[in-house]
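Accompanying notes for the structure given below.
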Amino acid sequence: MADSIYYAHANASYVIGPAYFNDLDMLQVGNASDEAYWLDAQKTQFAMWAMFLSPLLAGNDLASQSRETLEILANRDIIAVNQDLLTLSPALDVAASLAANAANGHALTEISAHPDGVLQVWKRPLSVSGAWAVAMVNGTTTAADIGVDLANLGFEGAVTVRDLWTHTQVGNVTGAYIAKAVPPHGTAIFVIKGKERVFDGVIALGAEPIEALVTTSTLDPLQSDGLYRNQAVGGGALQLGGTSYEQGIAVNALANIVYRLNGRCSTFSSIVGVDDKGRTRLGLPGYAQFEVWGDGVKLWDSGVMKSGDQALRIEALDIRDVSTLVLHVGDADHGIDGGHADWAEATLRCGGG
């Protein structure tokens, strides 16, 4: 049951943001056997409820709970992840998940947010600069090694890794971190800390020089993170009001695109609008609303836009001292069908650039 609930909310993870949270329902920790299989499944539920910032509502009999149940529910490290001030959804790390499945003999070309029968890696930035929460879920029936590429989290150099179940820490980790023998239906959960990559100059976001954490309404299963670089949703040129753009990024509404800037960048610029090809299956205009957020504060809002509207220009928006930049695309209460949102000519000016 826990698997199916968090899967349903994983597909709605793009709604998590300032003042918005998913409620994954009451925890079932303590309502099953303390045998290893069931205990690992209960630990998975608690870890993923924390990763998705869900309220942690105990649903068991507190007066008769076992020591093992109390250790799960009172885990301060995992509760701290749940209560972190940077209220952003985790994203399914598609590349790491596919690699983990391949390394364990499951050759896949796409990955589902549903954990049944697959290995998954979920990642979420935390409010402290250079800190990420990473959860590795084993939805199979055998123990598995699951890893994550540290460079794909934006780290350069060695990192420290804290295991939130054992409360132990490993330092000087480089390249990748691999959780050994994650049990069937269990989850390994860590906080990884290190130096995040520094960027200087004018950064064209469509050129992929900077890692993005992306949560979108793109339907399962996933072959990529759902962010279209230098092309419109579904392919083809970015096109707004009859004008084509070579550089930029695009997503389907609803979506969050998250960049870790760590106060290194001064301005953000873009030309935004619903792509000319953004039409619903009935041929009606697609809708979207574009917002720029810096550290939980809204910096810019397009208002409601539809395909065919004149594009709006964001000119050198001040983002000095912003640690975490979020480009949010809402559906303007029109649904996600046809909401092909273009951030054309999207650039950051960073460092001395």
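All values below come from the heavy atoms of this structure, side chains included, with hydrogens, waters and symmetry mates left out.
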>> Which residues pass the salt bridge (charged side-chain N to carboxylate O under 4.0 Å, His left out) test with Glu345, not counting sequence neighbours?
In response: none
> Can you tell me how far the OG atom of Ser97 sits from the CD atom of Glu110, to the nearest 0.5 Å?
Replying inline: 13.0 Å
> Quick one: do the His185 and Asp40 side chains pair a donor with an acceptor below 3.5 Å?
Replying inline: no
> In the hydrophobic cluster built from side-chain contacts under 4.5 Å, what are the other members alongside Val128?
Replying inline: none
>> If I take atom CG from residue Leu327 and atom CG from residue Asn256, how far apart are they, to the nearest 0.5 angstrom?
In response: 9.0 Å
> Which residue pairs pass the disulfide bond (SG atoms under 2.5 Å apart) test with at least one member in residues 255-325, sequence neighbours excluded?
Replying inline: Cys265-Cys350
>> I'd like to know if the side chain of Thr324 reaches the main chain of Asp295, judged simply by a donor and an acceptor atom lying under 3.5 Å from each other, with no hydrogens or angles considered.
In response: no
>> Just so I know, are the side chains of Trp122 and Phe52 near enough to count as touching, which here means a heavy-atom distance under 4.5 Å?
In response: yes
> Are Ile189 and Met51 close enough, and set up right, to give a side-chain contact (heavy atoms from CB on, under 4.5 Å), and what steps lead you there?
Replying inline: CA-CA 9 Å; Ile189 183 169; Met51 286 290 288; 4.1 Å; yes
>> Hydrophobic clustering (ILVMFWY, side-chain heavy atoms < 4.5 Å, transitive) - are Val297 and Val322 grouped together?
In response: yes
> Can you list the steps and then say if Val274 with Asp342 is a side-chain contact (heavy atoms from CB on, under 4.5 Å)?
Replying inline: CA-CA 6 Å; Val274 181; Asp342 293 350; over 6 Å; no
> So, Gln28 side chain and Gly59 main chain: donor-acceptor pair closer than 3.5 Å or not?
Replying inline: no
> Closest heavy-atom contact between Leu312 and Ser302?
Replying inline: CD1-O, 3.7 Å
> Cluster question for you: counting only ILVMFWY and a side-chain heavy-atom cut-off of under 4.5 Å, with indirect links fine, are Met305 and Leu317 together?
Replying inline: yes
> How would you list, by chain and number, every residue that makes a salt bridge (charged side-chain N to carboxylate O under 4.0 Å, His left out) with Arg279, sequence neighbours excluded?
Replying inline: none
> If you take all heavy atoms of Gly235 and Lys277, which pair is closest and at what distance?
Replying inline: O-CE, 3.9 Å
> Who pairs with Asp318 by salt bridge (charged side-chain N to carboxylate O under 4.0 Å, His left out), at least two apart in sequence or on another chain?
Replying inline: Arg320
> Any side-chain donor paired with an acceptor under 3.5 Å for Glu196 and Trp132?
Replying inline: yes
> Are Ile319 and Trp300 close enough, and set up right, to give a side-chain contact (heavy atoms from CB on, under 4.5 Å), and what steps lead you there?
Replying inline: CA-CA 11 Å; Ile319 56 171; Trp300 189 87; over 6 Å; no
> Is a donor on one side and an acceptor on the other found under 3.5 Å between the side chain of Gln83 and the backbone of Ile79?
Replying inline: no
> Between Asn230 and Glu246, do the side chains contain an N or O donor and an N or O acceptor separated by less than 3.5 Å?
Replying inline: no
>> Given 3.5 Å as the limit, does a donor-acceptor pair link the side chain of Ser323 with the main chain of Gly263, or not?
In response: no
> Under the salt bridge (charged side-chain N to carboxylate O under 4.0 Å, His left out) test, which residues partner Lys193, sequence neighbours left out?
Replying inline: none
> Taking all atoms of both residues into account, what is the closest heavy-atom pair of Gln120 and Leu92, and its distance?
Replying inline: CB-CD1, 3.9 Å
> Met26 and Leu57: which non-hydrogen atoms are nearest, and at how many Å?
Replying inline: CG-O, 3.3 Å
>> Using a 3.5 Å distance criterion without hydrogens, assess whether the side chain of Asn60 forms a donor-acceptor pair with backbone atoms of Asn31.
In response: no
> Given the rule that I, L, V, M, F, W and Y join up when any side-chain heavy atoms are under 4.5 Å apart, are Val29 and Met48 in one cluster?
Replying inline: yes
>> More than 12 heavy atoms of other residues, nucleotides or ligands under 6.0 Å from CG of Asn172: yes or no?
In response: no
>> So Pro125 and Leu88, do their side chains get closer than 4.5 Å, heavy atoms only?
In response: yes
>> Can you tell me how far apart CZ (Phe46) and CD1 (Ile78) are? Round to the nearest 0.5 Å.
In response: 6.0 Å
> How many angstroms lie between CD1 in Ile178 and CE in Met136, if you round to the nearest 0.5 Å?
Replying inline: 8.5 Å
> By ring-ring contact (aromatic ring centres under 6.0 Å, His included), which residues pair with Tyr259, not counting sequence neighbours?
Replying inline: none
> How many angstroms lie between CG in Leu73 and CG in Leu27, if you round to the nearest 0.5 Å?
Replying inline: 6.5 Å
>> Keeping Asn104 on the side-chain end and Ala100 on the backbone end, is there a donor-acceptor pair under 3.5 Å?
In response: yes
> Between the side chain of Ser54 and the main-chain N/O of Leu24, is any donor-acceptor distance below 3.5 Å?
Replying inline: yes
> Same cluster or not: are Val326 and Leu85 linked, directly or through other Ile, Leu, Val, Met, Phe, Trp or Tyr residues, by side-chain heavy atoms under 4.5 angstrom apart?
Replying inline: no
> Are Ser269 and Ile314 close enough, and set up right, to give a side-chain contact (heavy atoms from CB on, under 4.5 Å), and what steps lead you there?
Replying inline: CA-CA 5 Å; Ser269 300; Ile314 306 173; 5.7 Å; no
> With a 4.5 Å limit on heavy-atom distance, are the side chains of Arg229 and Gln231 in contact?
Replying inline: no
> Does the side chain of Leu227 come within less than 4.5 Å of Ile257's, by heavy atoms?
Replying inline: yes
>> Please list all pairs meeting salt bridge (Lys or Arg N to Asp or Glu O under 4.0 Å) that have one or both residues in residues 130-147, counting only residues at least two apart or in different chains.
In response: Asp145-Lys180
> Are the side chain of Thr187 and the backbone N or O of Thr44 linked by a donor-acceptor pair below 3.5 Å?
Replying inline: no
> Linking Ile, Leu, Val, Met, Phe, Trp and Tyr by side-chain heavy atoms under 4.5 Å, what else ends up with Leu238?
Replying inline: Leu240, Tyr245, Ile271
> Which residues satisfy the ring-ring contact (aromatic ring centres under 6.0 Å, His included) test with Phe268, sequence neighbours excluded?
Replying inline: none
> Are the side chains of Gln289 and Asp333 in touch, meaning some heavy atoms are under 4.5 Å apart?
Replying inline: no
>> Exactly one of Val173, Leu153, Thr174 should register a side-chain contact (heavy atoms from CB on, under 4.5 Å) with Val159. Which one does?
In response: Val173
>> When you group the ILVMFWY residues by side-chain heavy-atom contacts below 4.5 Å and let the links chain together, are Leu282 and Val233 in the same group?
In response: no
> With Phe190, which residues qualify under ring-ring contact (aromatic ring centres under 6.0 Å, His included), at least two apart?
Replying inline: Tyr177
> Would a 4.5 Å heavy-atom cut-off, applied to side chains only, mark Ile203 and Arg349 as touching?
Replying inline: no
>> Using modelled atom types and a 3.5 Å cut-off, is there a donor and acceptor pairing between side-chain atoms of Asp23 and backbone atoms of Asp25?
In response: yes
> Between Ala232 and Ala250, which heavy-atom pair has the shortest distance, and what is it?
Replying inline: CA-CB, 4.1 Å
> Shortest non-hydrogen contact from Gly175 to Asp149?
Replying inline: O-OD1, 3.4 Å
>> By the salt bridge (Lys or Arg N to Asp or Glu O under 4.0 Å) test, which pairs, at least two apart or in different chains, include something from residues 156-176?
In response: Asp77-Arg162, Glu156-Lys195
>> Strictly distance-based, threshold 3.5 Å: is any side-chain N or O of Asn101 a donor or acceptor partner for the main-chain N or O of Leu119?
In response: yes
> How long is the gap from CG on Leu325 to CG on Asn262, to the nearest 0.5 Å?
Replying inline: 11.5 Å
